[in-house]
Protein chains: 2
Amino acid sequence: MTESNSSKSNPANPEKSGTTSEEVVLHLRGMVQRGELRPGDRLPPERNLAKSLGVSRPTLRAGIRSLAAVGVLQSRQGAGTFVVGADGPPSLDSSPLRLMAALHGFTTREMFEARQSIEMAMAGLAAERASGDQMASMAEELAGMYASLDEPEQYLVHDMRFHQSVAAASGNRILTALMNMVATILLDVRSKTVKRAKDLKESAEMHRQIYRAIRDRNPEAARDAMRDHLVLAQKAQESEEPDNDLTTRAEQNGDDASKSA
Amino acid sequence: MTESNSSKSNPANPEKSGTTSEEVVLHLRGMVQRGELRPGDRLPPERNLAKSLGVSRPTLRAGIRSLAAVGVLQSRQGAGTFVVGADGPPSLDSSPLRLMAALHGFTTREMFEARQSIEMAMAGLAAERASGDQMASMAEELAGMYASLDEPEQYLVHDMRFHQSVAAASGNRILTALMNMVATILLDVRSKTVKRAKDLKESAEMHRQIYRAIRDRNPEAARDAMRDHLVLAQKAQESEEPDNDLTTRAEQNGDDASKSA
DNA sequence: AATGAGAATTGGTGTTACCACTCCACGGTT
DNA sequence: AACCGTGGAGTGGTAACACCAATTCTCATT
């Protein structure tokens with residue numbers, strides 16, 4: 001059933017659900033889910049793969065692009081197409097959520113609330129499960145925050161990494177991925193907010209409370225501390241930028257890949 | 001190429017950042033976020049749009065496909081390409097999460113836990129905010145559940161819609177979308193689980209407790225009831241299918257569009 | 001043996017052509 | 001006059017070919 005000649009009807013698959021390129025997507029997804037393609041692997045060249053699947057190269061490329069758009073594949077000109085996902089913490093592309101926010105007019109209030117809900121849950125889980133290394137990672141970032149109270153940008157980095165550490169300690173990579181999705185969008189807004197030193201001190205203190213609660217294996221306290229922290233962060237945010245719509249927010253996101261702690 | 005001449009109508013962007021098709025994606029995203037394209041709108045025909053953007057049709061199609069893959073656009077042969085998102089409840093495509101689950105070997109335990117965390121938060125919010133209509137919607141589905149105790153498939157529909165109603169009552173569409181993402185994946189597994197009538201009765205009772213807690217404006221009780229419900233659901237699931245990996249789970253998902261209640 | 005130039009490989013884009021499907025209007029029938 | 005069938009025009013879907021750009025590898029030169 002390669003090409004077999006008559007390019008007209010597709011002999012092999014008459015009842016194919018959708019368009020040919022969709023079929024390609026399903027095929028590739030199947031290869032990934034079946035384990036034939038492992039993270040980091042390189043796909044066969046487009047020309048070969050197209051022939052082996054019995055489709056044209058543009059069609060194959062359409063399928064590849066669909067999977068690339070959702071972050072499963074990544075193509076590099078001259079090098080090849082690779083399966084991603086091996087290296088860093090699992091992370092879903094935030095573009096879909098961002099677009100949906102624009103389409104439906106989501107407010108930053110909802111964003112904060114979503115983030116708050118997820119991070120509270122993760123803080124509680126982290127308090128139950130965090131390993132020694134994970135505790136150390138959190139403490140390290142906490143120290144970094146205190147060490148950069150006069151350097152807002154640097155502080156923000158440690159802030160984010162602290163939350164990443166908590167997420168990792170929660171032991172739930174799905175919640176972690178979802179949190180990253182939401183947090184990435186909020187970051188665009190927050191990065192413009194130049195905090196005052198006093199706020200940073202206050203923020204660091206709240207993070208410290210979160211850490212202590214987790215260290216003490218107290219889920220409820222961890223949840224409360226995380227809630228207080230995010231509520232305060234939201235208030236600080238809102239005071240600087242009263243209107244919030246997310247609809248007309250221009251963004252220039254480079255999908256980052258911050259190393260995990 | 002358009003670089004060394006044709007100053008025709010290339011209003012787009014000379015500052016090449018990435019590949020041309022990426023630029024197309026950015027342009028279209030910008031149009032959506034800027035509000036020039038509203039949900040339900042039809043994009044200009046590919047041939048026209050390609051010309052107006054100064055790119056070839058395959059390149060334009062690549063960009064469109066990227067946005068279609070993340071659920072922002074939808075193309076219908078013979079009809080056109082449309083901006084989605086108008087009709088039903090906001091929902092993110094679950095394919096990315098599904099693929100990531102396969103790549104990273106996520107367990108159903110994590111899935112259940114993620115769902116539990118999100119739904120508990122939403123139950124709490126719903127208890128605080130649910131409107132009369134939303135209460136009625138929940139009650140309606142609850143009645144439907146009791147009415148179909150001997151019809152597992154029908155019961156499952158009402159079950160899902162009940163959770164949808166709770167999500168809607170939470171007033172947070174982002175959490176709703178995230179929950180749908182996770183729930184869709186779990187559904188594949190759950191749909192195969194044929195429950196016994198006794199389980200259904202028990203399940204309906206738990207849903208009723210959730211409803212009562214929300215109706216009584218008791219967030220803590222709502223959260224607890226939701227937690228108990230999902231914990232039980234998870235146990236029931238695990239008892240039927242002890243091994244869980246999600247990695248080699250074959251699925252045949254048609255991205256559905258269930259009408260909201 | 002190390003290094004740089006060139007060839008081979010591979011993805012990215014443009015062009016053209018044709019097919020399949022959908023929508024809408026026109027014309028005929030009832 | 002209302003209804004239904006049929007056609008055409010428009011639109012996305014696929015294919016084939018050619019060429020460009022970036023990467024990678026090979027091999028000859030130093």
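In what follows, every chain begins at residue 1, and chains take the letters A, B, ... in the order their sequences are listed.
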Closest to the Glu46(A) side chain, choosing from dG12(C), dT23(D), dG12(D): dG12(C)

Atom NZ of Lys51(B) to atom C1' of dG12(D): distance rounded to whole Å? 17 Å

Can you tell me how far P of dG12(C) sits from CG of Leu60(A), to the nearest Å? 11 Å

Could you state the CD-P distance from Glu22(B) to dG11(C), rounded to the nearest angstrom? 16 Å

Give the C-alpha distance, both sets of side-chain angles, the deciding distance and a yes or no for side-chain hydrogen bond (donor to acceptor under 3.5 Å, both in side chains) between Glu140(B) and Ser137(B). CA-CA 5 Å; Glu140(B) 193 172 325; Ser137(B) 179; 5.8 Å; no

Would you say dG12(C) has OP1 or OP2 under 4.0 Å from some side-chain N or O of Thr20(B)? no

For the OG atom of Ser170(A) and the CD atom of Glu119(A), what is their distance to the nearest 0.5 Å? 9.5 Å

Using a distance-only criterion (donor-acceptor N/O pair, under 3.5 Å, no hydrogens), is the base of dG11(C) paired with the side chain of Arg47(A)? yes

Measure from the side chain of Ser75(A), starting at C-beta and using heavy atoms only, and say which of dG11(C), dG14(C), dG13(D) lies closest. dG11(C)

Looking only at side-chain N and O atoms, does Asp93(B) offer a donor or acceptor that is under 3.5 Å from a partner on Ser95(B)? yes

Should Ser21(B) be listed as having a side-chain N or O under 4.0 Å from OP1 or OP2 of dT13(C)? yes

Can you check whether any acceptor in the base of dG12(C) is under 3.5 Å from a donor in the side chain of Arg57(A), or vice versa? yes

Calculate the interatomic distance between Gln74(B) atom CD and dG12(D) atom P; express it in whole Å. 13 Å

In whole Å, what is the span from the CG atom of Asn48(B) to the C1' atom of dG12(D)? 13 Å

Can you find a side chain N or O atom of Thr59(A) that sits less than 4.0 Å from OP1 or OP2 on dA15(D)? yes

Is Pro58(B) touching bases, backbone alone, or none of the nucleic acid, heavy atoms closer than 4.0 Å? base

Please report the distance, rounded to the nearest Å, between CZ in Arg76(B) and P in dG10(D). 18 Å

Minimum-distance nucleotide to Arg61(B) side chain [options: dT22(C), dG14(C), dG13(D)]: dG13(D)

Spacing of Ser94(A) atom OG and Leu92(B) atom CG [to the nearest 0.5 Å]: 11.0 Å

Whole Å only: how far is the CD atom of Gln77(B) from the P atom of dG12(D)? 10 Å

Distance below 4.0 Å between Thr81(A) side-chain N/O and dG11(C) OP1 or OP2: yes

What integer distance in Å separates Phe82(B):CZ from dT22(C):C1'? 10 Å

Rounded to the nearest 0.5 Å, what separates atom CG in Leu53(A) from atom CD in Glu46(A)? 11.5 Å

Earlier contact from the 5' end, DNA chain D, for Gly78(A) and Leu43(B): Leu43(B)

